Amino acid sequence: MDMKSIIITGGAGFIGSHVVRLFVNKYPEYRIINVDKLTYAGNLANLKDVEEKPNYRFVKADICDFDTIYALMQEEHVTGIIHLAAESHVDRSIKDPFTFARTNVMGTLSLLQAAKLYWEAQPEKYEGKRFYHISTDEVYGALEMTHPEGIEPPFSTQASSEHHEAYGEDFFVETTKYNPHSPYSASKASSDHFVRAFHDTYGMPTIVTNCSNNYGPYQFPEKLIPLFINNIRHRKPLPVYGKGENVRDWLYVEDHARAIDLIFHQGTVAETYNIGGFNEWKNIDIIRVVINTVDRLLGREEGEDMNLITYVTDRAGHDMRYAIDSRKLQAELGWEPSLQFEEGIEKTVRWYLENQDWMDNITSGEYEKYYEDMYKGR
Ligand code: NAD
Ligand code: TYD
């Protein structure tokens, strides 16, 4: 299959930068074109180590700009698209749902239509082409805490598999009905439907994957883990929504990037794959681990910053629990997470503490002001 010219959208963001880095380094024979609008979440500092590579090109563009994307596809003879560009933060979507509909829905549609018109005009049509859409587990809605009393996360992979056997429909599987609750997840669900519709209607070779919460280096510090690492360092309050009992399923970002590589090359067209590490944690438990780790690495007494925990008004429509069953991907393509959570969180905290300049550049006055406005009244 000729897949030498690949557009990666959102490559200057958190997950996108890891995918770009992996592809640029692993496939020197490919041409990797990073298309990113550089919104507040896009940061070219995330890609400093690959920007000089001959197989890499950055194009500052909005995915909603059909003409620019179509012209770029013609110019670069694009054969593959890995689509990560999105508005990605639930709290922002609650404040400003229009931006989410614009980028996540209209932007995805614009990209699909550009790919359709360009690929259908080629003599070989869709042969050797791939449109790979990166989505989230949040489209499935929320799971209840269905484990019996006394059996509570965090769970090991082994325990999760056993729970799955014991309690049945306890995880999101690829056929779980979509039931999004936030404007963010509603916009992602809508974009997933458009991608599948382009396969069913026009025969475009599409793939969709739905992944659980990612963590690791280069994540924008509005998301739980980098925000809290930075706040602990500066001894600022840690705003825990509600009782801190919501459960998320955490995957190290490089394991997600490895899954994307595998699925892009070996996944079956029109299929959906769930990606997750069987690694559920209650927010409050993960926060305690992060506090202990930051304290230890900064030479403070472990746990001395627990008093920063500040319970605040819950997020509106806050989904109780996400938990991914990724056994299809494991069985069909042999993927599995490479890092245990303890290793991953240690690496992550260490990275943020060693890259304080990266963090300081982001936490500018303007960003702080936006953040303060967002949490006014909580
Ligand atoms: P992010 O917010 O860190 O990065 C998004 C990137 O998209 C930024 O570089 C931004 O500049 C770019 N972008 C935004 N609007 C654009 C537009 N109109 N045109 C071009 N570029 C635009 O997001 P992330 O956390 O890296 O997530 C990437 C993708 O993975 C998203 O589609 C998200 O829904 C999905 N996802 C994220 C997670 C997670 O835990 N972060 C989990 C599962 C799925
Ligand atoms: P987040 O990183 O925003 O990811 P998502 O909402 O996509 O899961 O939040 C992870 C969890 O942490 C979620 O249950 C909300 C909670 N949370 C807080 O309690 N306080 C915070 O300041 C943030 C950003 C999140």
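Each ligand, and each atom within it, is numbered from 1 in the order the structure gives. Predicted model, so just to flag it, every value in this text is computed and none were measured.
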* Of all the atoms in ligand 2, which lie at a distance below 4.0 Å from a heavy atom belonging to Val240? -> 19 (O)
* May I ask you to check if Arg248 and Tyr215 form a cation-pi contact, with NZ or CZ under 6.0 angstrom from the six-membered ring centre and within 45° of the axis? => no
* To do: Quick one: do Tyr40 and Glu222 satisfy side-chain hydrogen bond (donor to acceptor under 3.5 Å, both in side chains)? Show the steps, please.
  => CA-CA 11 Å; Tyr40 79 94; Glu222 63 187 349; 2.7 Å; yes
* **Under 4.0 Å to a heavy atom of Glu222 - the qualifying atoms of ligand 2, by number** => 24 (C)
* contact_flag Ser212 ligand 1 heavy-atom lt 4.0 Å -> yes
* Best match, Thr136, Asn283, Asp249, Asn214: closest heavy atom to atom 12 (O) of ligand 2 -> Asn283
* Report the relative orientation of the aromatic rings in Trp358 and Trp351; use parallel for angles under 30°, tilted for 30 to 60°, perpendicular for over 60°. => perpendicular
* **Subset of ligand 2 atoms that lie under 4.0 Å from at least one heavy atom of Pro239** => 18 (C), 19 (O), 20 (N), 21 (C), 22 (O)
* **Partner of Val35 by side-chain contact (heavy atoms from CB on, under 4.5 Å), out of Asp62, Thr68, Ile69, Leu84** => Ile69
* Structure fact -> Checking heavy-atom distances from atom 23 (O) of ligand 1 to each of Ala61, Ser88, Ala85, Ala41, the winner is Ser88
* Which part of Asn213 is near ligand 2, with near meaning a heavy atom under 4.0 Å away: side chain, backbone, both or neither? -> side chain
* Asked: With atoms numbered from 1 as shown, which atoms in ligand 2 lie under 4.0 angstrom from a non-hydrogen atom of Glu138?
  -> 5 (P), 7 (O), 8 (O)
* For ligand 2, which atoms have a heavy atom of His89 less than 4.0 angstrom away? -> 3 (O)
* To do: Select one of side chain, backbone, both or neither to describe which atoms of Tyr184 lie under 4.0 Å from any atom of ligand 1, heavy atoms only.
  => side chain
* To do: May I ask you to list the atoms of ligand 2 that are less than 4.0 angstrom from any heavy atom of Leu227?
  => 22 (O)
* Structure fact -> Counting from 1 in the order shown, the ligand 2 atoms closer than 4.0 Å to a non-hydrogen atom of His318 are 13 (C), 14 (O), 15 (C)
* Contact check, Tyr184 vs ligand 2, heavy-atom distance below 4.0 Å -> no
* Which pairs pass salt bridge (charged side-chain N to carboxylate O under 4.0 Å, His left out) with one or both residues in residues 64-86, sequence neighbours excluded? -> Arg31-Glu76, Arg57-Glu75, Arg57-Glu76
* Quick one: does Tyr40 get within less than 4.0 Å of ligand 1, heavy atoms only? -> no
* Atoms of ligand 1 less than 4.0 Å from Leu38 heavy atoms? -> 11 (O)
* Less than 6.0 Å separating the ring centroids of Phe220 and His89? -> no
* Would you tell me which option among Tyr215, Tyr241, Tyr322 has the nearest heavy-atom contact to atom 21 (C) of ligand 2? => Tyr241
* Any non-hydrogen atom of Thr9 lying under 4.0 Å from ligand 1? -> no
